[in-house]
Amino acid sequence: MNAHDRDLTGSDIATLHYGDGEFVVLKPGRYVICAVSKVKIPVEALRYWNPALQEAYATPVEALARWKELHP
């Protein structure tokens with residue numbers, strides 16, 4: 001894939017299905033959005049997500065913040 005091919009996908013935002021310890025790319029893209037901080041997370045750098053909520057998190061700080069929000 002070259003730079004011109006990426007433009008044909010229509011969006012740089014990927015759609016993923018988050019599983020336990022892995023994710024599946026449903027729609028290719030370069031990044032996903034953190035559910036807490038709203039920052040862009042490059043797909044290749046994604047390390048934190050919640051399979052039950054189907055949410056991605058930029059860092060463990062955001063993941064912990066969401067967990068604390070759900071478990072007061």
**Q.** Spacing of Arg66 atom CZ and Leu53 atom CG [to the nearest 0.5 Å]
**A.** 7.0 Å
Q) What is the distance from atom CD of Glu44 to atom OH of Tyr31, rounded to the nearest 0.5 Å? A) 13.0 Å
Q.
How long is the straight-line distance from CD1 of Ile41 back to CD of Glu62, given to the nearest 0.5 Å?
A. 7.5 Å
Q.
If I compare all heavy atoms of Val43 with all of Gly29, which pair ends up nearest, and what's the gap?
A. CG2-O, 3.8 Å
Q: Measure across Pro51 and Gly19 and return the closest heavy-atom pair with its distance rounded to 0.1 Å.
A: CG-O, 3.5 Å
Q) In Å, rounded to the nearest 0.5 Å, how long is the span from CD of Glu55 to SG of Cys34? A) 8.5 Å
**Q.** Value rounded to 0.5 Å, distance of NZ in Lys38 from CD1 in Ile33
**A.** 8.5 Å
**Q.** Reported OH-to-CG distance for the pair Tyr18 and Leu46, which is rounded to 0.5 angstrom
**A.** 5.5 Å
Q) Is the backbone N or O of Ala63 less than 3.5 Å from a side-chain atom of Lys68, with the two atoms forming a donor-acceptor pair by type? A) no
Q: Show your working on ring pair (Phe, Tyr, Trp, His ring centres under 6.0 Å) between Tyr57 and Trp49 and close with a plain yes or no.
A: CA-CA 5 Å; Tyr57 308 114; Trp49 61 84; 9.5 Å; no
(Q) Hydrophobic clusters here meaning ILVMFWY residues chained together by side-chain heavy-atom distances under 4.5 Å, can you tell me if Ile13 and Leu16 are in one? (A) no
(Q) Quick check on the hydrophobic clustering: are Val32 and Leu26 connected, directly or via other members, by side-chain heavy-atom contacts under 4.5 Å? (A) no
